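A note on names: the letters A, B, ... follow the listed sequences, proteins ahead of strands, and every chain is numbered from 1. As the structure is a prediction and not an experimental result, all values here were calculated from the model.
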Amino acid sequence: MYRTATTMKNDEILRIEAKWRTRWEADRAAFVDTAEPAGEGTYLLVMLPYPSGDRLHVGHARTYFLTDALHRFLRQTGVTVFCPMGWDAFGLPAENYAIQKGIHPRTSTLANIAAMKEQFRSWGVLYDWTKEVTTCEPEYYRWNQWFFLKLFEKGLAVRKKAAVNWCPSCLTVLANEQAEGGVCDRCKTPVVPRELEQWFLKITDYAERLLDGLDTLDKWPEKVVTMQRNWIGKSTGADLDFAIPSLSASVRVFTTRPDTVFGATALILAPEHALVPRLLEGHPKKAGLEAWVASVRSQERIVREAEGAEKDGRDTGRTAINPFTGREVPVWLANFVIAEYGTGALMAVPAHDTRDFEFAKKYGIPIVKVIEPEREEKKEEFLRKKEGTGDFLRREEGEDGAVSECYTGEGRLVASGPFSEMSSSSAREAIAAEAGRRGIGGPRVRYRLRDWLISRQRYWGTPIPMIHCEKDGWVPVPEKDLPVVLPPDAPFTGKGGNPLEKVASFVNTTCPTCRGPARRETDTMDTFVDSSWYFLRYIDPRNSRAPFDPNLVREWAPVDQYIGGIEHAILHLLYARFFTRILKDLGLVTFEEPFSALFNQGMITRLSPAGRVEKMSKSRGNSVSLDQLIAEKGADAVRAFVLFLGPPEKDAEWSDEGISGPERFLWRVRGAVERFLQTGADPEARPAKADTPAARARHIAVKKVTEDFRAFSFHTAVAHLMELLNHAASLLGDAGADAGETATTLRTLVKLLHPIAPHLSEEMNERMGGKKSLLVSGWPEFDPALAEMETASIAVQISGKVRAELSVRRGSSEKEVVTAAEGNPAVARWLEGKQRVKTIWVQDRLLNIVVK
RNA sequence: GCGAAAGUGGCGGAAUUGGUAGACGCGCAAGGCUCAGGACCUUGUAGCCCUUACCGGCUGUGGGGGUUCGAGUCCCCCCUUUCGCACCA
């Protein structure tokens with residue numbers, strides 16, 4: 001059958017790519033592996049991928065193409081680069097797959113890894129596979145267990161009872177970070193609260209250090225830093241105790257506004273508060289109240305925290321004493337009070353807090369004004385503006401015609417006993433200090449961040465190395481007994497909880513302390529533990545005596561450039577920062593911040609069947625098969641197109657037709673080289689003259705492409721490569737052109753192209769007489785003087801309007817250009833009969849003659 | 001509601017110490033080569049107007065105002081979109 005030009009072209013491209021893939025594998029030393037740590041170099045890292053059974057599609061490719069382009073560029077410029085790859089191999093999908101299909105998680109995971117590795121191979125991405133890490137292997141996870149023991153020793157791994165997020169679909173608990181917005185991070189099922197005893201890592205002890213470190217991350221996206229800062233959520237204020245005489249007890253509240261305490265007209269507790277059962281004791285409607293408490297407590301978080309959720313409360317009938325006014329205030333329970341924040345109780349100041357105001361209006365709680373804006377005009381201003389200052393004023397007219405106001409700004413205290421007339425800020429300090437003196441609280445800093453819940457009621461994860469003994473309680477597994485190996489067989493029924501519980505040989509053990517019978521912990525660790533330190537294991541992956549050799553780690557870490565998606569802004573990146581601090585405290589590393597620079601690439605989007613432009617994903621039905629595209633057009637074209645799509649930090653919409661541009665470009669590069677070779681000229685020839693327009697175009701291209709790569713501006717790098725090809729093509733079409741210039745332009749083009757299209761560039765390099773891989777052939781240098789046009793194109797404006805362009809020698813003086821401009825008919829026309837007011841001259845760029 | 005980023009041809013996007021807006025590519029159009037072409041090559045392509053043609057003119061970077069010889073870029077107000085946070089006391 002007769003072959004079309006298209007299939008011939010594709011066959012040739014695919015032949016070239018296959019050839020180079022083979023070459024790379026045959027000679028890893030020259031093309032792939034990086035040097036051993038040598039004290040200098042760049043540690044380039046991609047976020048650890050999870051080997052799911054699904055093939056990676058176009059939507060996933062950007063991170064890897066981007067990293068590889070950067071990797072190759074740096075290697076070409078002579079930098080030693082460490083760029084490893086491994087697998088986040090534990091995870092829920094593998095276990096669910098086992099339940100559905102009866103295939104063991106380990107079997108499917110290892111098969112997925114092999115498949116994914118093969119995909120990477122077909123993309124031409126370079127990784128140092130000699131440093132591969134697989135987190136589900138005992139050689140790796142034993143160190144998770146080792147770290148856990150160290151944390152336990154230091155009191156940073158604790159077992160405590162708490163209301164936790166339970167995902168009814170995954171049948172496991174989730175860390176707060178994984179239940180953001182009240183839905184499960186993985187399956188989006190609304191989580192429900194559950195009171196359970198679980199293992200936590202005390203990340204809250206590190207809140208201040210995690211916050212401080214954010215200030216040093218100047219090479220992180222501002223957005224991620226802000227998100228982490230909000231997540232840690234530091235607030236400065238005071239703790240205050242409200243006594244409840246009828247119970248001979250007191251309730252501690254936290255407030256950021258102790259200056260408003262004289263306006264606190266109610267004490268409101270979360271339904272989860274420990275004192276609630278005692279408060280309800282003896283209440284005439286106890287049963288009804290208890291039912292209400294139970295219903296609020298079992299509500300899905302997504303419902304309870306929903307926007308505009310109705311404030312719902314109940315009066316306990318008890319009273320507390322405002323410690324500053326000495327007056328009785330009612331004790332309420334309300335759904336909006338969060339048990340885990342602060343003390344799970346708050347003082348309501350309706351006159352100066354919009355939320356309390358709303359609650360007070362609904363339930364008739366008194367509103368007592370204790371802060372007066374500094375000036376009346378200011379108050380009116382707030383009323384008008386209502387925003388922009390952070391202060392706020394709300395004015396409402398009640399049914400009885402009485403006007404009530406809520407002012408949340410700063411001001412001067414009134415009706416506040418000895419504190420009256422003080423400013424908000426000094427009163428805050430004075431009242432907090434007074435509380436401290438009286439032993440009823442005092443100044444206090446609190447964080448929104450909560451401890452990291454790491455227990456998971458699942459099989460496929462790192463066993464938590466703890467043993468429970470009736471006599472000795474929770475006893476850590478002795479270090480010498482590590483790893484606690486996950487038993488190979490477990491019943492994956494999908495019913496009745498964690499399969500590990502049913503493995504008697506695993507569960508039944510002896511207590512390390514008393515040698516009596518004991519039970520092993522069957523919960524496994526959150527997989528984010530695995531990814532919290534993997535970047536250090538890459539450096540020393542086969543160490544069997546320690547998680548890593550601190551000396552080797554000192555050579556490479558911290559990671560110089562980390563690349564990954566924004567979805568890990570607060571999960572993985574916060575945990576990894578926390579772990580690094582622990583490792584520092586253990587004396588294993590010398591730094592606190594694991595990732596010096598972070599880059600978040602944007603998602604690839606595409607129109608989905610639902611008619612919206614959405615993130616490309618298999619489940620949305622808008623994914624494009626990378627395997628198929630590569631089999632058809634070759635990896636280089638796909639790489640070039642994905643990088644050409646747009647600024648890598650922004651989302652980019654996939655277009656099915658768009659790939660033809662980069663595809664044509666690469667084919668034209670090959671065409672230009674072949675055409676040149678057919679002329680019989682020496683491909684290694686040098687230009688006869690240095691200072692020619694062609695040489696200048698070449699130097700400009702080198703300059704721009706180099707700067708683009710350094711700035712992660714891959715899309716403009718491709719554009720500038722296209723321009724350089726157009727120059728080469730016109731040299732080829734010009735019979736009078738210097739063959740040395742043409743050859744040099746082509747060789748330069750091929751070198752610059754390598755980070756984008758490694759296969760084709762290596763082939764073209766070889767065709768042009770290159771003896772070594774482009775990875776070690778050096779990066780073209782440019783002469784800054786030559787990288788400027790010889791002639792300057794001057795825009796001549798008359799009163800700010802461009803009337804002519806003059807091509808003059810670079811460095812021409814104002815006088816020369818003015819004379820030239822006057823001689824230009826297009827300019828002269830506008831000058832005729834006008835009076836010159838002034839002249840603006842920008843060297844080599846512009847001349848503006850202002851007339852009237 | 002709060003915070004951040006963004007808004008440029010039919011499309012993706014270039015260009016911001018203020019200095020020739022639309023690089024590069026897609027799409028489209030015309031021509032060439034072809035039995036043919038979803039291949040390849042060449043040329044054109046912001047809009048409007050004038051002109052036989054050449055030359056030329058006006059408008060134009062979400063809207064309105066301002067600073068400046070000159071604004072996509074700086075300042076003020078407004079609109080829209082996306083993202084993040086959101087009863088955190």
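Between A/Val850 and A/Gln797, the residue anchored nearer the 5' end of RNA chain B, judged by the nucleotide with its closest heavy atom, is A/Gln797. In terms of position on RNA chain B, the residue among A/Glu653 and A/Pro662 whose nearest nucleotide sits closer to the 5' end is A/Glu653.
Between the C1' atoms of B/U20 and B/C28, the separation comes to 27 Å (whole Å). One P atom belongs to B/A23, the other to B/C11, and the distance between them is 15 Å to the nearest Å. Remark: the separation of the C1' atoms in B/U34 and B/C40 is 10 Å, to the nearest Å. Nucleotides B/G27 and B/G22 are separated by 22 Å at their P atoms, to the nearest Å. Nucleotides B/G25 and B/C78 place their C1' atoms 35 Å apart, quoted to the nearest Å. Separating the P atom of B/G7 from that of B/C74 is a span of 11 Å, rounded to the nearest Å. Spacing between B/G44 and B/G9 at atom C1', rounded to whole Å, works out to 15 Å.
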Check against salt bridge (charged side-chain N to carboxylate O under 4.0 Å, His left out), A/Glu12 and A/Arg670 | CA-CA 10 Å; A/Glu12 175 64 2; A/Arg670 179 196 166 276; 3.5 Å; yes

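Atom CH2 of A/Trp654 and atom C1' of B/G25 are 14 Å apart (whole Å).
Aromatic rings from A/Phe644 and A/Phe665 are positioned such that their centres are separated by 6.0 Å or more.
Within 4.0 Å of A/Ile840, counting heavy atoms only, lies at least one base atom of the nucleic acid. Across all strands, A/His715 comes closer than 4.0 Å only to sugar-phosphate atoms, never to a base (heavy-atom distances). Counting non-hydrogen atoms under 4.0 angstrom, A/Arg444 reaches nothing in the nucleic acid.
Taking only side-chain atoms of A/Asn848, from C-beta outward, the nucleotide of B/C24, B/C87, B/C69 with the closest atom is B/C69. Closest contact between the side chain of A/Phe644 and the listed nucleotides B/A86, B/C87, B/G12 involves B/G12. Here B/C87 is the nucleotide among B/C87, B/G84, B/A23 with the atom lying nearest to any side-chain atom of A/Phe336. Relative to the side chain of A/Ser235, the nucleotides B/G70, B/A86, B/A89 differ in distance, and B/A89 lies closest. Closest to the side chain of A/Lys223, from the set B/C24, B/G27, B/G84, is B/G84. Closest approach to the A/Pro647 side chain among B/G13, B/G25, B/A86 is made by B/G13 (side chain taken as heavy atoms from C-beta onward). Considering only side-chain atoms of A/Tyr341, the nucleotide from B/C87, B/A89, B/G84 that sits closest is B/A89.
When Watson-Crick and G-U wobble pairs are counted only if both distances are under 3.5 Å, B/U51 pairs with no nucleotide at all. In this structure, B/U45 forms a base pair with B/G27, meeting either the Watson-Crick or the G-U wobble geometry with both donor-acceptor distances under 3.5 Å. Pair assignment for B/C33: none, as no Watson-Crick or G-U wobble contacts are both less than 3.5 Å. With a 3.5 Å ceiling on both atom-pair distances, the Watson-Crick or G-U wobble partner of B/C2 is B/G84.
The side chain of A/Arg668 places an N or O atom within less than 4.0 Å of a non-bridging phosphate oxygen (OP1 or OP2) of B/C41. Taking side-chain N and O atoms only, A/Thr716 has no distance below 4.0 Å to OP1 or OP2 of B/A23. For A/Asn10 and B/G38, the shortest distance from a side-chain N or O to OP1 or OP2 is not below 4.0 Å. Look at A/Arg664 and you'll find a side-chain N or O under 4.0 angstrom from OP1 or OP2 of B/C26. Taking only side-chain nitrogens and oxygens, A/Arg229 never comes nearer than 4.0 Å to OP1 or OP2 of B/C85.
Evaluated for a ring-ring contact (aromatic ring centres under 6.0 Å, His included) with A/Phe714, the options A/Phe65, A/Phe599, A/Phe709, A/Phe641 yield exactly one hit, A/Phe709.
Judged by distance alone, with hydrogens and angles left aside, the side-chain atoms of A/His352 form no donor-acceptor pair with the main-chain N or O of A/Thr408 at under 3.5 Å. A/Arg301 places a side-chain N or O within 3.5 Å of a backbone atom of A/Ala179 that can act as its donor or acceptor partner.
Between the side chain of A/Arg257 and the base of B/A89 there is no donor-acceptor pair of N/O atoms closer than 3.5 Å.
Counting only N and O atoms by type, the side chains of A/Trp292 and A/Asp312 include a donor and acceptor under 3.5 Å apart.
For B/G31, the base adopts the anti conformation, since its glycosidic angle falls more than 90 degrees from zero.
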